[in-house]
Amino acid sequence: MTIPIRFEHAEAAAELIEAWDAAGCNQASVNPNKKPFSIVIPPPNVTGALHLGHGLNNTLQDIVVRTKRMQGFETLWMPGTDHAGIATQAVVERRLKELENKSRHDLGREQLVERIWAWKDQYETRILNQLKRMGCSCDWQRTRFTLDPICAAAVRATFFDLFRQSLVYRGKRLVNWDTFLQTAVSDDEVFNETKKGHFYHIYYNVIAPKPGEPRRVEIATTRPETMLADTAVAVHPDPAAAFAKLESEAISKLTAATEKEKADCQAELDAILKRRDEMLVSLEQLRDMALDGRMLQLPLVGREIPLVADLWAKPEMGSGCVKITPAHDPNDYEVGLRCGLPMLNMLNPDGTVNAEGGKYEGLTIPQARKRVVEDLEAIDQLGDVEDREIELPHSDRSKTPIEPYLADQWFVKMDTLAQSAMDAVSDERVKIFPERYRKGYLDWLGEKRDWPVSRQLWWGHRIPIWATHGLTEVAATDLVARVRMLPAHAAGEVLEREEAGEDGTRTVMVCLRQENETLEGEVEALGLVRDCDVLDTWFSSALWPHSTLGWPEKTAELDYFYPTSTLITSRDIITLWVARMVLMGLNNVGKIPFSEVFIHPKILDGQGETMSKSKGNGVDPIDVIDKFGPDAMRFGLARLATETQDVRMPVQYECPNCEKLIDQTPKNRSLPRIDCQHCGKPFSTQWAELDEDKLLIKGAVVSDRFETARNFVNKLWNAARFALMNFEGYTSEKIDVASLPLEDRWILSRLSTVTRQVTEAIERYQFADASGCLYNFAWDEFCSFYVEIAKPRLSDETQRATAQRVMAHVLDTLLRLLHPITPFVTESIWKHLGEAAPIRGLGEPAAANAFVMTAAWPVSDT
RNA sequence: GGGCGCUUAGCUCAGUUGGUUAGAGCAUCUCGUUUACACCGAGAGGGUCGGGGGUUCGAGUCCCUCAGCGCCCACCA
């Protein structure tokens, strides 16, 4: 038998992926004779290709999945991808702008969505191919997409059900408005930038002040132009109490302070007392005026606005009074709700001032600010203007400032849903590992903030609501009656709700349970118009564990594989995703979605920064696989996946000319071309844009951290190669362990211990321990000791047969144990071993399984 | 501002309930073409375990404190 001296992973992997697939090794089906084990993949975003972070996530899942499969469970790993709402739409829109200089409005909704589908198809293919090449043993026939018809049906059924329970409602909310892209962006797509600005003090006149009362009140703001939409000025309802509280806090801080801090704390306390002495009387007077219903006159506009008492006005800040602009500031919005203030929107979607701004209409924000300040100064109502550093929110997509903008949004009411998800973790029906992540989950849910689920986007699940606004009571009643007459209404496919609008008119809303063009036509014929918005991406992600199994249909798969067994994911989406899956699973199916959650570390680059394509430090698993092989990538990642540490992974460019590695630095990681420091020849990077750069060969981005693992894979290959070269004349026979020589009994005993350790480590998600244990055993004990000591026995005719049998058995077991981590090399060796020693094992030897992948997991006898 | 984590060899990381001389891989140096493997083997150098204090017969490990790094959440008229 001739076996190459190196494990040729590229050929082997391609063949094995096909062979496993052809044999249906990854496929799972309902099997009453077996216990189920199921995992749903955290669906990668179709925004772009996978990097090593995904490599780690999916390697760990595959290790668990392959182990469980070998342990005899009917094992399902559900694959799929996520449409990733705004992220994907933004990528496609940006390309549209760059390549064709068009906005989404130039294309229109339908065409843009079509373009995004094309993008999705391209990246979904790429992502699935990356996963396959990593060796992920997903049931590919079940591959889902969060926007596919199966997931869409679940989304519709969920929304319909929440609508029926009145757990979903419509309300106003301030959204982060990107005036350039003219869309709302989510909080995590907003970054703050500190800029130089001013803090303007402005005076508002009191209307008909009583004797002794001030003529005007002072407020301060960094955004004076928003005064045009002010609807109140607030003052604290109990300044004395507020100061008392501050004082007692400062005192307790002072008592607890170290010698070093004492001076600072004392100064802080003194400042509070000084301010109280100066301000308390006038603030209490203003408070009394507020309670007395005194009105102020808004300068420049002339509108009368009330002075109100509200906790938001902090006596220790500014002048102690704060202007309230409910439609353009999140906190003011809350005040507006509490005090029942009107919400005046002064902006057009493009960020210019609208008709509410009177003579300032049509100006941009900076223009309006300048004019308002000038005009206030002219009428002598402008006070001090201080310089100040201001943190200004910017849109990550357009890099322009965000405007808080009041818009109609749909919300999911969280109180009972959140409580159910908290209970599931509190009483350990859902266990989170490592345990320290429980706190974040419980704290976040504990706030029970309603979940805004609508997004002003085109890419996503459209909200299944049709509505007519501005109806008279009679017209509304009539419309409701007509809706109820639809045959689908009787069939439970239609729900309607009538609401009073702000201006006393009525709104009728209709929710449809399923996609149905005919029915939609009928509804639209009644004058109802479909909501333009789509749902938050996490809405469909939250359903992933049951939607992928066919819910709301009562499928056999759902019954068998749900709840899934475990969820393996990254820590940054514990709240956004994990928590929501728990509450939606409980609401929809009535059962938790998974009983265990394992949170794995993150992969950072050599500088300690998270990997991302936009930084240029993202490593494509395919590049690592090409250079080191899929087993080395998997083993290397598993070896580093410890419980407490993030994985720091220095990254290098591989020169395509001389194959030498060049360290990546913050400087060179964004260059379009690099001259190799070893061979002097240039190569291009992902940033190449000029034609002359693009003509160069592209250098892969890899990490030399995988060398150790690659060497290990090769070591194993060669140890097996040695064994196989010595298996000529192999025969099988029952082995009496007690009569074996010491070295055999020793290795068997060690094997048993290692089997137990590896099994337990994987059970506890201690992947670094499992791989470390196997590394040491295979290299130091099996290769360095046992193989060496077997050499003379293999050339001694009297001992040869026994040595072969034990060797075959040990190798067999080692391959099984290593298979979940390094599936390709083990399966390749297994095939050779099957040819050389088809019948093997201690006790009663038996014919080996065709694939190690579906062979039985070893059981330890210690 | 609140919470969590981290700091051990040049680099990336282990180090169980405190217990001999603190480990591994890579890198470095020396030697080695013994028929599985140079992606190998034998050996060497390299650490006051971030700083300081404490508990203890004994601290990398427990407590306090200072400093630095990272992440999550909240907020700043």
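In what follows, every chain begins at residue 1, and chains take the letters A, B, ... in the order their sequences are listed.
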Answer with base, sugar-phosphate or nothing: what part of the nucleic acid does [X] contact at a heavy-atom distance below 4.0 Å?
X         : result
Phe7(A)   : nothing
Arg648(A) : sugar-phosphate
Gln766(A) : nothing
Trp444(A) : nothing
Lys627(A) : nothing
Arg6(A)   : base
Arg721(A) : sugar-phosphate
Arg449(A) : sugar-phosphate
Lys715(A) : base
Val713(A) : nothing

*On a plain distance test, is the side chain of Glu788(A) in donor-acceptor contact with the base of A36(B) below 3.5 Å?*
yes

*Under 3.5 Å on both distances, the Watson-Crick or G-U partner of C57(B)*: G19(B)

*Any strand is fair game: report the nucleotide pairing with C69(B) by Watson-Crick or G-U wobble, both distances under 3.5 Å, or none.*
G5(B)

*Using 30° and 60° as the class limits, which term best fits the ring planes of Tyr765(A) and Phe433(A): parallel, tilted or perpendicular?*
tilted

*Look at the rings of Phe199(A) and His201(A) and say which category their plane angle falls in: under 30° parallel, 30 to 60° tilted, over 60° perpendicular.*
perpendicular

Work out how far the [atom1] atom of [N] is from that of [M], and round it to whole angstrom.
N      : M      : atom1 : answer
A59(B) : G54(B) : C1'   : 11 Å
U55(B) : U61(B) : P     : 15 Å
C63(B) : U16(B) : P     : 14 Å
A14(B) : G47(B) : C1'   : 15 Å
A74(B) : G58(B) : P     : 48 Å
G70(B) : C31(B) : P     : 44 Å
C49(B) : G60(B) : C1'   : 5 Å

Hey, is the side chain of [X] poking within less than 4.0 Å of OP1 or OP2 on [N], counting only N and O atoms?
X         : N      : answer
Asn711(A) : C40(B) : yes
Lys439(A) : G2(B)  : no
Lys602(A) : G70(B) : no
Trp779(A) : G41(B) : yes

[X] has an atom [atom1]; how far is it from atom [atom2] of [N], in whole Å?
X         : N      : atom1 : atom2 : value
Asn714(A) : G41(B) : CG    : P     : 11 Å
Leu637(A) : C13(B) : CG    : C1'   : 14 Å
Arg793(A) : A36(B) : CZ    : C1'   : 17 Å

*asked:* Any salt bridge linking Arg223(A) with Asp329(A)? Criterion: basic side-chain nitrogen under 4.0 Å from a carboxylate oxygen.
replied: no

_Evaluate Ser570(A) against Ile599(A) for side chain to side chain contact (heavy atoms under 4.5 Å, CB included), listing each step before the verdict._
CA-CA 5 Å; Ser570(A) 165; Ile599(A) 306 295; over 6 Å; no

*Identify which nucleotide among C39(B), C26(B), A36(B) has an atom closest to any side-chain atom of Arg710(A), counting heavy atoms from C-beta outward.*
C39(B)

*Residue whose closest nucleotide on RNA chain B lies nearer the 5' end, Thr575(A) versus Lys314(A)*: Thr575(A)

*Taking for each residue the nucleotide of RNA chain B with the nearest heavy atom, is it Asp443(A) or Asp769(A) whose nucleotide lies nearer the 5' end?*
Asp443(A)

*Go through the side-chain N and O atoms of Tyr204(A) and Arg216(A) and say whether any donor and acceptor fall under 3.5 Å apart.*
no

*For Lys448(A) and Met422(A), what are the C-alpha separation, side-chain angles and deciding distance, and is it a side chain to side chain contact (heavy atoms under 4.5 Å, CB included)?*
CA-CA 10 Å; Lys448(A) 298 186 178 175; Met422(A) 290 171 74; 4.1 Å; yes

Tabulate below the donor-acceptor pairs under 3.5 Å that side-chain atoms of residues 771-780 of chain A make, not counting sequence neighbours, or state none.
unit_1	atom_1	unit_2	atom_2	d
Ser771(A)	OG	Arg639(A)	N	3.4
Ser771(A)	OG	Phe767(A)	O	2.7
Ser771(A)	OG	Ala768(A)	O	3.3
Asn776(A)	ND2	Gly772(A)	O	3.2

